[in-house]
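Data first, discussion second: the structure below is written as structure tokens.
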Amino acid sequence: MLVGGVIAYKSKFQEVIALSTTEAELVAACDAAKMILFIRSVLEDLSISQSDATILFEDNAGALLMANAQQPTRRMRHMDIKHFSLLDWVEKDLIT
């Protein structure tokens, strides 16, 4: 939200078949984080930089635990490596 209003909305089918709802939520959170980082870069180009991390709301407890993990866990070994970028963005304090 920017000044109290939503600035982006996206609806699409996921490209991968998730084995669990937690995995599906993590994939969706990674896609949302990509959009957040794009919008942050546009705002930075407009000289509206953000110093704090952007809040990404997630309602799945398992996906939250996976996103806040410091490294991929044994249960995540079957997932595609591109979805682990969310872990890096959380660690770099770009996404909360």
Side-chain angles (χ1 to χ4, degrees):
M1 294 198 353
L2 185 66
V3 192
V6 177
I7 57 171
Y9 180 80
K10 182 178 180 181
S11 177
K12 72 170 196 164
F13 286 110
Q14 287 186 349
E15 299 170 356
V16 296
I17 297 174
L19 299 178
S20 66
T21 56
T22 299
E23 182 181 348
E25 291 283 338
L26 190 67
V27 170
C30 186
D31 286 343
K34 288 178 195 175
M35 185 176 288
I36 287 171
L37 293 177
F38 171 73
I39 292 170
R40 283 177 66 116
S41 70
V42 169
L43 290 173
E44 191 171 319
D45 288 344
L46 296 172
S47 299
I48 308 172
S49 61
Q50 286 187 319
S51 58
D52 296 334
T54 305
I55 299 172
L56 175 62
F57 293 101
E58 175 59 56
D59 63 350
N60 188 299
L64 283 173
L65 289 173
M66 284 184 176
N68 290 318
Q70 296 298 322
Q71 61 186 8
T73 62
R74 189 173 52 87
R75 293 180 179 222
M76 298 168 67
R77 66 177 175 252
H78 65 279
M79 293 178 59
D80 196 6
I81 194 74
K82 68 181 176 181
H83 303 299
F84 295 137
S85 56
L86 180 61
L87 294 138
D88 294 332
W89 297 329
V90 169
E91 186 178 326
K92 291 179 182 175
D93 204 29
L94 296 172
I95 307 288
T96 298

Query raised in the report: Between CD of Glu58 and CG of Leu65, what distance do you get to the nearest 0.5 Å?
Result: 11.0 Å
Requested in this report: Give a yes or no on whether Ile55 atom CD1 has more than 12 heavy-atom contacts from other residues, nucleotides or ligands under 6.0 Å away.
Outcome: no
Query raised in the report: Would Val90 end up clustered with Leu37 when hydrophobic side chains under 4.5 Å apart are linked, directly or stepwise?
Result: yes
Query - same_hphob_cluster(Met35, Leu43) at 4.5 Å side-chain heavy-atom cutoff - result: yes
Report summary line: Paired with Trp89, the side-chain contact (heavy atoms from CB on, under 4.5 Å) test is passed by just one of Leu56, Ile95, Thr54, namely Ile95
Report summary line: Closest heavy-atom pair, Thr22 versus Gly62, reported as atoms and distance to 0.1 Å, is CG2-C, 3.4 Å
Requested in this report: Report the C-alpha distance between Leu64 and Glu25 in whole Å, list the side-chain angles of each, state the deciding distance to 0.1 Å, and finish with yes or no for side-chain contact (heavy atoms from CB on, under 4.5 Å).
Outcome: CA-CA 9 Å; Leu64 283 173; Glu25 291 283 338; over 6 Å; no
Report task. Consider only side-chain heavy atoms of I, L, V, M, F, W and Y, link residues closer than 4.5 Å, and tell whether Leu94 and Leu26 are in one cluster. Result -> yes
